[in-house]
Amino acid sequence: MRVTEQQAEGYDFRAIQDRWLPVWEQLEPFAAGRSDDGRPKKYVLDMFPYPSGDLHMGHAEAFCFGDVLARYWRGRGYDVLHPIGWDSFGLPAENAAIKRGVDPREWTYANIAQQKASFRLYAPSFDWSRVLHTSDPEYYKWNQWLFLKMYEKGLAYRKASWVNWDPVDQTVLANEQVLADGTSERSGAVVVKKKLTQWYFRITDYADRLLDDLDQLEGKWPTKVLNMQRNWIGRSVGAEVEFEIEGRAEKVPVFTTRPDTLHGATFMVVAPDSDLAAELAASASAEVRMQFQAYLEEAQKQSEIDRQNADREKTGVFLDHFAINPVNGERIPVWAADYVLADYGHGAIMAVPAHDQRDLDFARKFDLPVRVVLEVRDAEGEIVADPAESGVAASGDGVLVNSGELDGLGKTDAIAKAIEVLEARGTGRGAKTYRLRDWLISRQRYWGTPIPILHGADGSMRPVEQSALPVELPASEGLDLKPKGASPLGAATEWATVVDPETGETLTRDPDTMDTFVDSSWYYFRFLSANDDTQAFDPAEAKKWAPVDQYVGGVEHAILHLLYSRFITKVLHDLGYIDFEEPFLDMLNQGMVLLDGAKMSKSKGNLVEFASELRDHGADALRVTLAFAGPPEDDIDWADVSVQGSAKFLARAWRIADDVQKSGSAAGASFDSGDTGLRRATHKLLADAPELVEAYKFNVVVARLMEQVNVTRKAIDAGAGAADAAVRESAEAIAMILSIFAPYAAEDMWAKLGHEPTVALAVWPQADPALLVEDEVTMVVQVDRKVRDRLTLPASVTEAEAETAALASPAVQRAIGDREIVNTVVRVPKIVSIVTKPAS
RNA sequence: CCCCCGAUAGCCCAACUGGCAGAGGCGACCGACUUAAAAUCGGUUCAGUCAGGGUUCGAAUCCCUGUCGGGGGACCA
């Protein structure tokens, strides 16, 4: 009986959740962009979720941090746009459909409904009036619009090329979806190469801008992400050199970063799977043709893993052709070898074995000449051994030799000079090349945006008219969604067949769907005009809100999603829709939630269920736990944290407001002179919290709140009592700052302090500067590095006064004794450091 | 092999442009309340900052070398 009473009186998170949720839903305090809202604008965005099942702890963490920032900016007086939507196209829906025989559409929207319900209780401050789902025709219509815009500009095109093929999911993959070990990031299958005609976005046209503009994000995006993007784009600067091939009219361009070593080129290597190799082999002897055929087949069987094994033996076939080195007219043999990649540079290289390890390995294997053109010295200043003998290529810097007009120059000068010479002779030019490839966007699967292109019987293509958008996905009923290498849409005959009303010509719809990364590459614009059916987004709204001020999401999207989004933003800029070129000004990447040091997984039995945590501890305790666990970028091990500890803290905070309410004190009472200790703490907190939040030090803010709760409790117990004005002031500051982490508890505190809902719209008060200045400081006195005394001095103390005071201290005098003072350093208001030596 | 990030009490983590290593929490221990336990409340305990060297009056902080851990790239011409 008694226990129940206590519970009824105490902090009860369930009752508080039930009390405030309906109030908030009625108030809709987070609807952004109301016409009468004059507050400055902030756009805070969380990476939108994929609806596979219910929300999990990873979502809990990411959306907690995003919400902390959104709520923080409101507390600072901003009109914050904080939208939510779902990235709801994609393979998992389709795979679930195949496995369990459910409609991908039903599966997807049922999951979305479940996630929405969970979000409702978790209470991120979303503007629910702007919800979007990328699988809605109202959304993907604009995906198609974007595709057509890009098609018009020549940025969307079709080509036949060797592509990554996932044999399990039976679809092509973008380069970015293939992991370093050559497996598919989705299915885990070893990816194989297939030659197919596919749709691409010409992202390589933007490579320089995508790379150079990263400089603007320095300090605003995590260094790690900037690094990953730079690596991924992988710009190499060098020269393009044209080699004549005997018996071939057209010259062959070759890319090199070391044009200075051109005189040392003793053979040429082309990629076996390149068109050039096939062409050269075709005009070679029957024997060479056969050898080449066998080699090509062998090379193509190699998995990506094998290919990437660096200490693999070099293999290759002589193609029975010779090239002419443009700088010295030398006749050099042309080989095909799989250490040269068809889709990097021009798929052909000049081999300089003396100064490139790969070329040297190849030359030694096949007995090709090695010519030193660069004298490289080792750390001792000795010229390094002849690579032909040592087997170690002399890469690096040195002095050019055997190189005609380049002789005597260093590497950098020689490169410049070599390019100059090539350009003067018309046989080459300075050039750049990239690791980045064009973005393959077509997929042979059902659950995605149909590509709005019609194919004529003659192979011609025409874009679907703007007015005919969206090209809606046909119902999945009756379609075989099983992966079989061709898009299921092709089998929807009725859907796929279109008769041109004017010419009567029968056209076929493109059966492929778009990569879902297309959907997510521009969704942040759609939120601005989520309900506008006349345009993808309103440029005026973009002017008002965009770019995104704060983006929050997982580092797993460091390359793919962020690179594509940056690309599309630049395209939209070039199309004249927006006036900026980077979509996300600041970014926070949250870490992962682990359990016992490992990634959580249901099958391994180490799982913390979001739903059960939410049920058992409530949204506030969960959010406080996540925010308090450590720096948001770090992984959180659930074994290291205590949700009970968070709940205890919330109860303590809540009880302060409860005590204030019960004391019957009224707002606006004047402060007592004895209150300054607590008031100083409160104002220090108000002063520090903003910079801490903006530096993403959420864990420190929570710690500071705990401290404030502790000192406030002490002030109450020590005699000030809960009715004291300084206690009320502290409780209000706690409620406001706490509201960014624990909106329910803070709202209840706010009400107990006599305010109307909602605390989420309360603007944080400015700290009173008068309360921030200390009038006394504690200065440490060190003698020979050891702390000998602590002096309490007026804050206005000068260096000389501090020194005098330090020397006057008995403890300091004792420490100095009869030693001689050789140096005294005074740093007001921190320290006096005295250095001595034995008396002479 | 190359590049980036990190290492502070038993554990998770703080520590401003170099200035007393400790804000906060967890755990443990002691005490209060209780018939008892849980919960709650009060208190106590605990490292010299991964190792080695350097710069400095002074280094967790800056520099160099190494160890361990995490991430990225890598036959990319």
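In the text below, chain A, chain B and the rest are named by the order of the sequence lines, each starting its count at 1.
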What pairs of residues pass the salt bridge (Lys or Arg N to Asp or Glu O under 4.0 Å) test when at least one of them lies in residues 217-229 of chain A, not counting sequence neighbours?
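The answer is A:E218-A:R230.
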Without swapping roles, check the side chain of A:D789 against the backbone of A:S809 for a donor-acceptor pair under 3.5 Å.
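Side chain of A:D789 to backbone of A:S809, a donor-acceptor pair under 3.5 Å: no, none is there.
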Flag, side chain of A:H355 to backbone of A:T261, donor-acceptor distance under 3.5 Å
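Judged by distance alone, no pair lies under 3.5 Å.
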Of A:Q782 and A:V700, the one whose closest RNA chain B nucleotide lies more 5':
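This one resolves to A:V700.
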With RNA chain B as reference, determine whether A:V787 or A:T433 sits nearer its 5' end, using the nearest nucleotide of each.
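Nearest-nucleotide comparison on RNA chain B picks A:V787.
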Check whether any side-chain N or O of [X] sits under 4.0 Å from OP1 or OP2 of [N], and answer yes or no.
X      : N     : answer
A:K224 : B:G6  : no
A:R713 : B:G42 : no
A:N227 : B:G73 : no

Per the atom types in the model, does the base of B:G19 pair as donor or acceptor with the side chain of A:R827 at under 3.5 Å?
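Answer is yes: a donor-acceptor pair is held.
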Which part of the nucleic acid, if any, lies within contact of A:S236, taking any heavy atom under 4.0 Å across all strands shown: a base, the sugar-phosphate backbone alone, or nothing?
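Sugar-phosphate, no base atom in range.
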Under 4.0 Å, heavy atoms only, any strand: does A:P222 hit a base, just the sugar-phosphate, or nothing?
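Answer is nothing: A:P222 stays at 4.0 Å or more from every strand.
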Taking the [atom1] atom of each, how far is [N] from [M], in whole Å?
N     : M     : atom1 : result
B:G6  : B:C63 : P     : 11 Å
B:C46 : B:G18 : C1'   : 27 Å
B:A77 : B:U61 : P     : 37 Å
B:A15 : B:G24 : C1'   : 12 Å
B:G25 : B:A14 : P     : 15 Å
B:G70 : B:C62 : P     : 23 Å
B:A21 : B:A39 : P     : 37 Å
B:U8  : B:A51 : P     : 10 Å

Partner nucleotide of [N] by Watson-Crick or wobble geometry (both distances under 3.5 Å):
N     : result
B:G6  : B:C68
B:U55 : none
B:G31 : B:C41
B:A21 : none
B:U49 : none

With a distance cut-off below 6.0 Å to the six-membered ring centre and an angular limit of 45° from the axis, does A:K314 pair with A:Y339 as a cation-pi contact?
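Here A:K314 passes the 6.0 Å and 45° test against A:Y339.
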Integer-rounded Å distance: [N] [atom2] and [X] [atom1]:
X      : N     : atom1 : atom2 : answer
A:D635 : B:A7  : CG    : P     : 14 Å
A:D637 : B:C11 : CG    : P     : 14 Å
A:M592 : B:G6  : CE    : P     : 18 Å
A:Q229 : B:C4  : CD    : C1'   : 15 Å
A:Q357 : B:C1  : CD    : P     : 14 Å
A:R819 : B:C57 : CZ    : P     : 17 Å
A:I233 : B:C3  : CD1   : C1'   : 16 Å
A:D361 : B:C1  : CG    : C1'   : 14 Å

For B:G6, does the O4'-C1'-N9-C4 (purine) or O4'-C1'-N1-C2 (pyrimidine) torsion place it in syn, i.e. within 90° of 0, or in anti?
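B:G6: anti glycosidic orientation.
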Within the 4.5 Å heavy-atom criterion, are A:L214 and A:R566 side-chain neighbours or not?
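They are in side-chain contact.
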Under 4.5 Å between any side-chain heavy atoms of A:L563 and A:I233, yes or no?
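Side-chain contact under 4.5 Å: yes.
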Identify the two heavy atoms, one from [X] and one from [Y], that lie closest to each other, and give their separation to 0.1 Å.
X      : Y      : result
A:V376 : A:A394 : CG2-O, 3.6 Å
A:A629 : A:V641 : CB-CG1, 3.7 Å
A:A414 : A:D260 : CB-CB, 3.5 Å

I want to verify a distance call: between [options], whose nearest atom is closest to the [X] side chain?
X      : options             : result
A:M228 : B:A14, B:C57, B:G72 : B:G72
A:K830 : B:G19, B:A77, B:G58 : B:G19
A:V825 : B:C41, B:G19, B:A77 : B:G19
A:I559 : B:A77, B:C41, B:G73 : B:G73
A:N231 : B:G73, B:A14, B:A77 : B:G73

In residues 686-696 of chain A, which ones come under 4.0 Å of RNA chain B, going by heavy atoms?
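Of all residues in residues 686-696 of chain A, none places a heavy atom under 4.0 Å from RNA chain B.
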Do the ring planes of A:F362 and A:W335 sit parallel (below 30°), tilted (30 to 60°) or perpendicular (above 60°)?
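Rings of A:F362 and A:W335: perpendicular, as their planes differ by over 60°.
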Whether A:D659 and A:R713 form a salt bridge (side-chain N of Lys/Arg under 4.0 Å from carboxylate O of Asp/Glu) is what I want to check.
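Answer for the salt bridge query: yes.
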Is the closest basic N to carboxylate O distance between A:D658 and A:K662 below 4.0 Å?
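Salt bridge flag = yes for A:K662 with A:D658.
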Candidates A:V254, A:V252, A:D356, A:V269 - the one meeting side chain to side chain contact (heavy atoms under 4.5 Å, CB included) with A:M350:
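One option only clears the test, and that one is A:V254.
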Scoring nucleotides 24-32 of chain B by protein non-hydrogen atoms under 4.0 Å (B base, S sugar-phosphate only, - none) yields BSS------
